[in-house]
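Written below as structure tokens is the structure these notes are about.
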There are 2 protein chains.
Amino acid sequence: MNTLSYGLLSLLTRNSRTGYELMQNIQPFWQAKHSQIYPLLAQLEQKGYVEFVHVPQSDKPDKKVYSLTDNGREALKKWIAQPTDEPVVKDELALKVFCIGLVDKEQARKVLHEREVYYQKKKERFAQSFERIKQDSAKPLEELEIHDPLFGLYVLIQKATLKADADLVWCEWMKSKLK
Amino acid sequence: MNTLSYGLLSLLTRNSRTGYELMQNIQPFWQAKHSQIYPLLAQLEQKGYVEFVHVPQSDKPDKKVYSLTDNGREALKKWIAQPTDEPVVKDELALKVFCIGLVDKEQARKVLHEREVYYQKKKERFAQSFERIKQDSAKPLEELEIHDPLFGLYVLIQKATLKADADLVWCEWMKSKLK
DNA sequence: CTTCGTTATGTCATTATTGACATATCCATT
DNA sequence: AATGGATATGTCAATAATGACATAACGAAG
């Protein structure tokens with residue numbers, strides 16, 4: 001069982017989801033393509049950690065809605081207690097910035113601008129996520145307790161927002177350096 | 001040529017380095033083991049993007065000190081002008097936090113504490129990096145221009161520091177939630 | 001005196017991940 | 001009318017990345 005497999009189980013603690021949705025929803029924590037997700041789901045099903053129901057659709061292709069089994073939930077608890085790997089980052093932009101002095105300011109600004117747009121979109125997405133869970137939640141978000149099903153999502157969006165802010169502050173600072 | 005190969009060339013713009021040093025120095029931007037670096041360096045040498053001199057050592061094993069060729073520098077410039085991939089993140093902790101409600105507060109605190117130590121160490125490392133380049137630099141860091149060889153390093157440490165701060169703010173906030 | 005960590009390079013089998021192909025329907029744009 | 005994107009699932013060859021093995025010498029800790 002690799003980390004991504006546990007990640008899929010993690011998502012299923014809150015909602016039943018299709019493979020396609022799992023692929024989309026796991027992106028903020030772990031970038032993976034559908035070609036990796038589907039085989040892992042088949043494995044998880046074989047192990048008895050998830051089960052699925054076939055849902056026929058007329059307008060779109062049929063789907064398989066996966067949900068977590070009790071076995072899956074137990075496996076998750078054990079996984080949480082294990083030591084946690086440090087985050088892995090692969091950042092092409094950072095590598096380019098390291099040797100940005102090779103090109104002129106004009107081009108450096110272009111490289112930076114691309115990424116600034118990306119960070120801004122990211123921040124907007126998180127703001128939308130906050131809105132969505134605010135509507136789902138009975139209580140004000142600040143009062144959510146650890147066992148509230150929305151808690152995990154809330155604290156992660158909080159973290160992502162803090163990071164996106166840090167990225168944007170850096171972009172502004174960097175732009176002033178390239179004037 | 002994959003991104004990591006260009007990353008190695010990027011590092012060599014500032015200093016000649018051994019494979020072992022490259023493996024260490026690239027960690028903040030791109031986590032890779034020596035078993036991946038050495039074969040890539042051999043490829044880069046074959047392509048004429050880097051060259052090396054053999055340096056015998058008596059106390060430690062001999063080393064190969066790699067440096068960038070003009071061809072390598074040209075390849076780098078072309079790479080910078082290409083569209084940049086978005087950063088890849090694989091964060092096991094984030095996945096655990098998503099379903100942290102499965103365990104009790106005590107265990108959740110334990111999981112968080114592990115990572116807090118990690119973020120603190122990270123911040124210290126960046127503070128040390130700042131100290132080091134301050135000593136290397138003739139000017140105050142704030143006045144570095146894009147073509148200064150220290151510029152890329154300076155802006156990256158700035159970014160990493162901002163991010164580490166954001167992570168620590170989140171840890172504090174999270175701890176207050178787990179009281 | 002032995003074991004462990006660091007420096008230093010390298011190979012290789014296994015595993016993780018991607019990109020391309022394949023199929024099918026709907027909707028919006030050109 | 002055709003093209004492209006979203007939804008939805010799947011396979012498979014190719015590439016990326018890891019973990020284990022191998023060698024070797026030093027210093028420190030036990």
Side-chain angles (χ1 to χ4, degrees), chain A residues 1-8 11 15-27 29-47 50-67 83 85-92 95 125, chain B residues 1-8 11 15-27 29-47 50-67 83 85-92 95 125:
Chain A
M1 285 278 289
N2 57 24
T3 306
L4 182 52
S5 299
Y6 286 108
L8 297 174
L11 293 184
N15 285 122
S16 294
R17 291 168 154 99
T18 66
Y20 191 80
E21 286 170 330
L22 284 167
M23 181 266 291
Q24 291 181 312
N25 300 153
I26 207 160
Q27 296 304 318
F29 321 123
W30 199 286
Q31 286 86 52
K33 316 286 173 192
H34 72 273
S35 49
Q36 196 181 6
I37 306 279
Y38 289 126
L40 288 180
L41 279 172
Q43 275 178 229
L44 288 170
E45 204 254 323
Q46 234 183 358
K47 289 206 170 92
V50 299
E51 51 192 16
F52 68 89
V53 284
H54 208 95
V55 178
Q57 296 186 122
S58 54
D59 52 332
K60 289 178 226 171
D62 299 353
K63 58 185 180 182
K64 289 176 169 185
V65 177
Y66 287 87
S67 49
D85 283 342
E86 292 176 0
V88 170
V89 175
K90 313 223 153 157
D91 192 343
E92 187 174 4
L95 292 169
R125 271 206 306 279
Chain B
M1 286 277 289
N2 58 24
T3 305
L4 181 53
S5 298
Y6 285 107
L8 298 173
L11 294 185
N15 285 121
S16 294
R17 292 169 154 98
T18 66
Y20 191 80
E21 286 170 331
L22 283 167
M23 181 266 292
Q24 292 181 312
N25 301 153
I26 207 160
Q27 295 304 318
F29 321 123
W30 199 286
Q31 286 86 53
K33 316 286 173 193
H34 72 273
S35 49
Q36 196 182 7
I37 306 277
Y38 288 127
L40 289 180
L41 278 172
Q43 276 178 231
L44 288 171
E45 203 254 324
Q46 236 183 358
K47 289 206 170 90
V50 299
E51 50 191 16
F52 68 88
V53 284
H54 209 94
V55 178
Q57 298 186 119
S58 55
D59 52 333
K60 292 179 224 169
D62 298 354
K63 58 187 181 182
K64 289 178 171 182
V65 178
Y66 287 86
S67 50
D85 283 343
E86 293 176 1
V88 170
V89 175
K90 312 222 153 157
D91 191 343
E92 188 174 4
L95 291 167
R125 270 207 307 278

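Here is how names work: the chains are called A, B, and so on, in the same order as the sequence lines, proteins then strands, and each is numbered from 1. Everything numeric here is computed off the predicted structure, so don't read it as measured data.
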- Item | B:T18 or A:L4, whichever maps to the more 5' nucleotide of DNA chain C | B:T18
- Message: Starting the side chain at C-beta, find the nucleotide from D:dT7, D:dT9, D:dA17 nearest to A:P61.
- Response: D:dT7
- Task: Round to a whole Å and report the spacing from NZ of A:K90 to P of D:dT15.
- Result: 17 Å
- Message: Could you check whether any side-chain N or O of B:Q31 sits under 3.5 Å from a backbone N or O of A:K90, counting only pairs where one atom can act as donor and the other as acceptor?
- Response: no
- Taking all non-hydrogen atoms of both residues, which atom of A:I37 and which atom of A:G19 are closest, and how far apart? CG2-O, 4.0 Å
- Message: Please report the interatomic distance CG(A:L41) to CZ(A:F52), rounded to the nearest 0.5 Å.
- Response: 10.0 Å
- Task: Answer with base, sugar-phosphate or nothing: what part of the nucleic acid does B:A32 contact at a heavy-atom distance below 4.0 Å?
- Result: sugar-phosphate
- Note on the structure: dist B:K47:NZ -> B:L40:CG (nearest 0.5 Å) comes out at 9.0 Å
- Message: Among residues at least two apart in sequence or on other chains, which ones pass side chain to side chain contact (heavy atoms under 4.5 Å, CB included) with B:S35?
- Response: B:K33
- Going from CD on B:E86 to CD on A:E92, what distance comes out if it is rounded to the nearest 0.5 angstrom? 11.0 Å
- Task: Check every nucleotide of DNA chain C for an atom under 4.0 Å from a heavy-atom of chain B, then give the first and the last such nucleotide from 5' to 3'.
- Result: C:dT7 to C:dT17
- Message: Would B:M1 and B:Y6 count as a side chain to side chain contact (heavy atoms under 4.5 Å, CB included) here? Give the steps.
- Response: CA-CA 7 Å; B:M1 286 277 289; B:Y6 285 107; 3.6 Å; yes
- Query: When the distance from CG of B:L8 to P of D:dA17 is rounded to whole Å, what number comes out?
  - Reply: 11 Å
- Query: CG of A:N2 versus C1' of D:dA17: gap in Å, rounded?
  - Reply: 13 Å
- Task: Using whole Å, report how far NE2 of B:H34 lies from P of D:dT23.
- Result: 14 Å
- Please figure out whether B:M23 or A:D59 has its closest DNA chain C nucleotide nearer the 5' end. B:M23
- Please report the shortest heavy-atom distance between A:S5 and A:L44, naming the atom on each side. O-CD1, 3.9 Å
- Please report, rounded to the nearest Å, how far the C1' atom of D:dT15 is from the CG atom of B:L40. 12 Å
- Task: Please check the phosphate of D:dA8 (OP1 and OP2 only) for any side-chain N or O of A:Q57 closer than 4.0 Å.
- Result: yes
- Query: For the pair made of OH in B:Y38 and P in D:dG19, what is the distance, rounded to whole Å?
  - Reply: 17 Å
- For B:Q36 and D:dG19, give me the distance from atom CD to atom C1', rounded to whole Å. 13 Å
- Message: Within the 4.5 Å heavy-atom criterion, are A:L95 and B:L4 side-chain neighbours or not?
- Response: no
- Item | Nucleotide D:dT7, atom C1' - distance to CZ of A:R17 in whole Å | 17 Å
Using atom names, set out every protein N or O paired with an N or O of nucleotides 3-6 of chain D below 3.5 Å, distance rounded to 0.1 Å.
none

